[in-house]
There are 2 protein chains.
Amino acid sequence: MARTQGSHAQITGPRIREAALHLFAEHGFAAVSMRQIAAKVGVQAGALYNYTPDKQALLFSLLKGHMDELLSAAPDQTTASPQDRLETFVKFHIEFHLQRHEAVFISYMELRNLTAENFEVIESLRRAYENRLETILRDGVAAGVFSVHDTKLTTMAIIAMLTGITTWYRDGGRLSADEVSATYCDMVRKAVGAL
Amino acid sequence: MARTQGSHAQITGPRIREAALHLFAEHGFAAVSMRQIAAKVGVQAGALYNYTPDKQALLFSLLKGHMDELLSAAPDQTTASPQDRLETFVKFHIEFHLQRHEAVFISYMELRNLTAENFEVIESLRRAYENRLETILRDGVAAGVFSVHDTKLTTMAIIAMLTGITTWYRDGGRLSADEVSATYCDMVRKAVGAL
DNA sequence: GTCTATATCGAGATAGAC
DNA sequence: GTCTATCTCGATATAGAC
């Protein structure tokens, strides 16, 4: 991976983020050195500091980018029925998270390694995302089409169940992503007592 | 925490494990130093090596102990109905995991930091535990009292959903552990279409 | 069994040449 | 923008005295 000197501003930045993402997911933030990241990109360790003030900022930038992308990609179709919105949410959540299982992993795993301020930023984005689901559940209860005892608990239960898929699902396994998605959709529907 | 010299064999071992558990859960395995663990116990770093050959073995011992305890504590009442066995499993899982949320956390989090051999040991214990639940689901399907499309998927979904409670539940919150447990029990029952 | 002292290593980050 | 060289620090683990 060694390379000669030269300037590659536009391309090096994204490559650093990509390398860091993979390495953090594989070994954990604390276990990965700036030298390892640099080696994967093909630059020297010192060069990384043209792109990030320090290692912590690099981690935060990865998590923040992931959450921003999640929130802007999440469907927000307030006109459909609660049942349809729930199905759309579940399918979106599974597809989005399966495609980014490394980012999902470190977004949960490395929260401890954020400063208190950075942690608060990520946490509030996560809560905003959870609220999208809870709103669907609440609307369904109000409309009398869901049977849910506690919308907050059910929100947490559904999200944990769906995100858990990323810990074992890999392409080329026994079931396709669509099959998994359909089965989970069905379980969620039943769990909320959808009519 | 500094203390004078002396021999405390019977008590130091457990205290090291306890200190390591808390610190690993709080900061992550790679981020915790042997000096930190020693300081929390009140000994010098060198003394730890009377109890563990190295840091890796200390981690493995914690995870192995956790899984052994889980498997021996798990209920195994093969005579009851699938519905009752499912309810017993769910309640057991929640109670056991809530009481050990730090061990649960590192058992999932720090798998990457195990050697390949140690990893295999923990993984096979985890699979053995999952099989307990899958057997209940299969028996319920065979008896015609559960409506489950794929027992393996449903097993993973239920376990992820239940274990997820440990990420947010803390004593003294809005709901008691028993209330949470009852609500989740209900969701699981509905998700498997229990009669 | 615990201490102090230390060997060895690699970490994050910076300085200045090109 | 990247390189090489380096500062400073703290890590794991070991050795030998008590």
Side-chain angles (χ1 to χ4, degrees), chain A residues 1-63 106 110 112-115 118, chain B residues 1-63 106 110 112-115 118:
Chain A
M1 286 292 258
R3 50 172 293 281
T4 52
Q5 280 186 238
S7 235
H8 301 272
Q10 278 74 15
I11 193 166
T12 304
R15 287 186 40 148
I16 289 172
R17 295 167 54 82
E18 192 192 356
L21 179 71
H22 293 315
L23 288 170
F24 290 166
E26 189 174 354
H27 306 291
F29 172 75
V32 171
S33 70
M34 295 298 269
R35 283 174 177 77
Q36 276 177 275
I37 298 170
K40 192 149 184 163
V41 174
V43 297
Q44 293 299 314
L48 300 181
Y49 292 88
N50 291 317
Y51 299 91
T52 180
D54 53 33
K55 196 183 171 189
Q56 154 83 202
L58 178 55
L59 173 65
F60 176 65
S61 149
L62 291 175
L63 300 199
I106 69 169
E110 307 297 356
R112 301 170 299 184
N113 288 302
L114 294 176
T115 61
N118 287 343
Chain B
M1 286 292 258
R3 51 172 290 281
T4 52
Q5 283 184 236
S7 235
H8 301 270
Q10 278 74 14
I11 192 167
T12 303
R15 287 186 40 151
I16 289 172
R17 295 167 55 81
E18 193 193 356
L21 179 70
H22 293 314
L23 288 169
F24 290 166
E26 189 174 352
H27 306 290
F29 174 75
V32 171
S33 71
M34 296 297 269
R35 283 177 176 80
Q36 277 177 275
I37 298 170
K40 192 149 182 163
V41 174
V43 297
Q44 293 299 313
L48 299 181
Y49 292 87
N50 290 317
Y51 299 91
T52 181
D54 52 33
K55 197 184 171 189
Q56 154 84 203
L58 178 55
L59 174 64
F60 176 65
S61 149
L62 291 175
L63 299 200
I106 70 169
E110 308 296 356
R112 303 170 297 184
N113 288 301
L114 294 176
T115 62
N118 286 344

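A, B, ... follow the sequence lines: proteins, then strands. Residue 1 opens every chain. Just so it is clear, the structure is predicted and the values come from calculations on it, not from any experiment.
As a whole-Å value, the separation of B:Asn50 CG from D:dA15 P is 13 Å. Remark: P of C:dT2 and CZ of B:Arg15 are 10 Å apart, rounded to the nearest angstrom. The distance from atom CG of A:Asp54 to atom P of C:dA11 is 17 Å, rounded to the nearest whole Å. To the nearest angstrom, P of C:dT14 lies 13 Å from CG of A:Leu48. For B:Leu58 and D:dA13, the CG to C1' distance is 14 Å, given to the nearest whole Å.
The phosphate of D:dT2 (OP1 or OP2) has a side-chain N or O of A:Thr12 nearer than 4.0 angstrom. Contact annotation: B:Gln44 reaches the phosphate of C:dT4 (side-chain N/O to OP1 or OP2, under 4.0 Å).
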Nucleotide N/O to protein N/O under 3.5 Å, stretch nucleotides 9-11 of chain D:
{"residue": "D:dA11", "atom": "OP1", "partner": "B:Ser33", "partner atom": "OG", "Å": "3.4"}

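Taken to the nearest 0.5 Å, the CG atom of B:Leu62 stands 5.0 Å off from the CG atom of B:Leu58. To the nearest 0.5 Å, atom CG of residue A:Asn118 and atom CG of residue A:Leu63 are 9.0 Å apart. One distance of note links CE of A:Met34 with CD1 of A:Ile16; it measures 8.0 Å at 0.5 Å rounding. Taken from CD1 in B:Ile37 to CZ in B:Phe24, the straight-line distance is 4.0 Å, to the nearest 0.5 Å.
Side-chain atoms of B:Thr52 do not come within 3.5 Å of backbone N or O of B:Lys55 as any donor-acceptor pair.
Less than 4.0 Å separates DNA chain D from no heavy atom of any residue of residues 18-28 of chain A.
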**Message:** I'd like to know whether B:Glu26 forms a side-chain contact (heavy atoms from CB on, under 4.5 Å) with A:Arg112, so could you lay out the CA-CA distance, the side-chain angles of the two residues, the decisive distance to 0.1 Å, and finally the verdict.
**Reply:** CA-CA 7 Å; B:Glu26 189 174 352; A:Arg112 301 170 299 184; over 6 Å; no
**Item:** B:Lys40/B:Arg15 under side-chain contact (heavy atoms from CB on, under 4.5 Å): CA gap, chis, key distance, verdict
**Value:** CA-CA 9 Å; B:Lys40 192 149 182 163; B:Arg15 287 186 40 151; over 6 Å; no
**Prompt:** Does the side chain to side chain donor-acceptor pair (under 3.5 Å) test come out yes or no for A:Gln56 and A:Asn113, once each step is laid out?
**Reply:** CA-CA 8 Å; A:Gln56 154 83 202; A:Asn113 288 302; over 6 Å; no
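Within the 4.5 Å cutoff, no side-chain heavy atoms of B:Tyr51 are placed close to those of B:Arg17.
The residue among A:Ala45 and B:Tyr49 whose nearest nucleotide of DNA chain D is located toward the 5' end is A:Ala45.
With D:dG1, C:dT2, D:dC3 as the choices, the nucleotide that has an atom nearest any side-chain atom of A:Ala47 turns out to be D:dC3.
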